[in-house]
J.: 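Before we start, here is the structure in question, set down as structure tokens.
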Amino acid sequence: MSAATPPAERTPFPEHGRPVDELLRELQSRKSGDTDWQGGRSPAFVFKAEDSVDTIGREAFMAYFAENALGGGSAFPSVKGMEQAVVDMALSLFQAPAGAAGFMSTGGSESILLAVHTARRVGREQRGNPRHQGNLVAPETLHPAFDKAADLMDIEIRRVPVRADLRADVAGMAAAIDADTVMLVGSAPNFPYGMVDPIGELSELALSRGVWLHVDACVGGYLAPFARRLGRPVPAFDFSLSGVRSISADLHKYGFCPKPSSTVLYRDGAQAARQPFQFSGWPAGRFMTTTVVGTRPAGGVAASWAVLNHLGADGYLRVAERLLSGIDAYRRELAAIPGIEVIGQPDLAIVAYGSRELDPYAIGLRLGERGWLPSLLRRPKAVHRMMSMLHLETIPQYLADLREVVGEVRAKGLTAGNAQARYG
Ligand SMILES: *Cc1c(COP(=O)(O)O)cnc(C)c1O
């Protein structure tokens, strides 16, 4: 085959352009095979608060569709101003002391990568060892974005089994710390069970051992403070705990902002200042970026600024109250289905359920056949959902299907064979 002839299965580069309306129609029709996420049938990936939040997020994103947040320091001071305002609002929400600082990023994985990098840099400077690699100590429920960061930076991750109640085992983590530990991590909440680790105890441990504590509040950071204000028993997790040095919190999850949008925040502005990358050894000017990525959609910045201002604390409280009370009812109904049990004590909006008698994967796969895309956990085997207002209205339908599926799985003794739990 000559180099000019692409393999038949590869999409050729289009010879001729196509009109706008035709392509827009095709985009809509391409969606027809996707999961009906508007109908609450996707277990994760998309979030919703209220219709007006979608509207302002979309309109604000489009108002800054072409601008580039990389140019915030030069061409687009308005973008930089909104970015700083979003960071300030986040620092206030998380009770950061004066002198704290932070940055926006394109997502939880990037915020985590940046926090790990900054902690290692600060640790290298404190140790006077510019090549120090070190290790990171965390509960086994830690999000794999940390393993990705560790893989990229050649850091060892020590995952410590959780306690019987599925929260971080602080004593076990204490035993895993050594002189090379550059970071302790707790989640608020963790992805698998939706439970907040005992961050207060981790904060004490971090202070007593002189180790950096990062709180991964990627998934719950913008919901937990409002749940706490509503009087719900969500453990403290933010900068009010003096051992917490950094927090990652995603706006594009329970901040209900358009993707891509996250925040990474530091107690100490001087340590935050170690995050940006600077370079001058090339023919162009001084290069400085705060994020891993260079070019960044300003739409994510503008939309986040607009959504935070549109909802305000009273709006987030209203959404949290409706969402969490809906989820309370959902959990009660789940627990009332014979054979089904909720895993652990979910603190916020992630709920996983399993069974001691029936194969949870068989239940998940049968729900999948009814159009409810399943997300599965491995330990324990469970069905997992990250719930937002998209799911609330369809809870009765979901539960009706689940009851039937549970009946089928029980009556026929169904198992799922070699089904695999996956993420993404
Ligand atoms: C989603 C999530 C992340 C990663 O965030 P992305 O925006 O998908 O990169 C990190 N930690 C937790 C606990 C999460 O749920």
Side-chain angles (χ1 to χ4, degrees), residues 47 49-50 53 86-97 100 102 108 111 139 141 143 165-168 170 185-204 206 213-257 262-267 304 307-309 311-332 342 344-351 386-389 392:
F47 298 82
E50 295 171 343
V53 178
V86 167
V87 167
D88 285 348
M89 291 186 251
L91 291 170
S92 303
L93 184 65
F94 300 132
Q95 308 189 69
S111 289
T141 45
H143 192 278
D165 70 356
L166 302 177
R167 296 187 202 266
V170 180
V185 190
S187 307
N190 60 44
F191 175 87
Y193 315 126
M195 292 167 68
V196 178
D197 285 321
I199 308 295
E201 290 172 52
L202 289 174
S203 167
E204 292 304 315
L213 173 61
H214 178 85
V215 175
D216 181 17
C218 276
V219 67
Y222 287 93
L223 183 57
F226 302 105
R228 284 170 58 77
R229 282 187 211 178
L230 289 169
R232 303 180 72 94
V234 176
F237 70 98
D238 64 13
F239 291 115
S240 61
L241 302 167
S242 50
V244 175
R245 298 227 65 86
S246 54
I247 296 178
S248 46
D250 291 350
L251 285 159
H252 64 203
K253 288 177 182 158
Y254 291 97
F256 306 111
C257 298
S262 177
T263 47
V264 53
L265 309 157
Y266 299 88
R267 169 179 300 279
S304 299
V307 168
L308 288 167
N309 279 297
L311 273 174
D314 48 6
Y316 279 104
L317 277 170
R318 180 176 65 241
V319 172
E321 168 23 51
R322 278 185 54 207
L323 178 61
L324 296 173
S325 56
I327 291 173
D328 288 344
Y330 168 68
R331 280 172 59 181
R332 281 195 299 273
V342 172
Q345 287 289 323
D347 287 306
L348 294 158
I350 290 176
V351 179
M386 200 181 254
M387 300 174 72
S388 75
M389 289 308 199
L392 234 49

J.: Does the side chain of R232 come within less than 4.5 Å of L348's, by heavy atoms?
T.: no

J.: Could you tell me whether the side chain of Q345 reaches within less than 4.5 Å of the side chain of D165, counting heavy atoms only?
T.: no

J.: Would you mind reporting whether I350 and M387 have side-chain heavy atoms less than 4.5 Å apart?
T.: no

J.: Any chance the side chains of S187 and D216 put a donor and an acceptor closer than 3.5 Å?
T.: no

J.: Over all heavy atoms of both residues, which pair between L223 and A320 is shortest? Give the atoms and the distance, please.
T.: CD1-CB, 3.8 Å

J.: Please report the shortest heavy-atom distance between P235 and R228, naming the atom on each side.
T.: C-NH1, 3.3 Å

J.: Which heavy atom in G221 sits nearest to a heavy atom in L93, and how many Å separate them?
T.: O-CD2, 4.4 Å

J.: What do the steps show when you test F226 against Y254 for ring pair (Phe, Tyr, Trp, His ring centres under 6.0 Å), and what is the final call?
T.: CA-CA 11 Å; F226 302 105; Y254 291 97; over 10 Å; no

J.: Taking the six-membered ring for Trp, are the ring centroids of F256 and F47 within less than 6.0 Å of each other?
T.: no

J.: Within the side chain of D197, is there an N or O that forms a donor-acceptor pair under 3.5 Å with the backbone of I199?
T.: no

J.: Within the 4.5 Å heavy-atom criterion, are P225 and F237 side-chain neighbours or not?
T.: yes

J.: Return yes if a side-chain donor-acceptor contact under 3.5 Å exists between S262 and H252, otherwise no.
T.: no

J.: Between R267 (side chain only) and F239 (backbone N and O only), is there a donor and an acceptor less than 3.5 Å apart?
T.: yes

J.: Treating R331 as the side-chain partner and V351 as the backbone partner, does any N or O pair qualify as donor plus acceptor under 3.5 Å?
T.: no

J.: Okay, side chain of T263, backbone of A249: is any donor-acceptor separation there less than 3.5 Å?
T.: yes

J.: Enter the distance from N190:CG to H143:NE2 here, rounded to the nearest 0.5 Å.
T.: 10.5 Å

J.: Is the closest side-chain heavy-atom distance between L166 and T141 below 4.5 Å?
T.: no

J.: Could you report the tightest heavy-atom contact between L392 and R322, atom names first, then the distance?
T.: CD2-O, 3.6 Å

J.: Work out which heavy atom in D347 is nearest to a heavy atom in R167; give both atom names and the distance.
T.: OD2-NH1, 2.7 Å

J.: Yes or no on side-chain contact (heavy atoms from CB on, under 4.5 Å) for L213 and V185, after CA distance, side-chain angles and deciding distance?
T.: CA-CA 6 Å; L213 173 61; V185 190; 5.7 Å; no

J.: Flag the pair D250 / V219 as yes when at least one side-chain heavy-atom distance between them is below 4.5 Å, and no otherwise.
T.: no

J.: What do the steps show when you test L311 against V53 for side-chain contact (heavy atoms from CB on, under 4.5 Å), and what is the final call?
T.: CA-CA 7 Å; L311 273 174; V53 178; 3.8 Å; yes

J.: Can you confirm whether Y193 sits close enough to P346 that some side-chain heavy atom of one is under 4.5 Å from a side-chain heavy atom of the other?
T.: no

J.: So do the side chains of C218 and K253 get within less than 4.5 Å of each other, counting heavy atoms only?
T.: yes

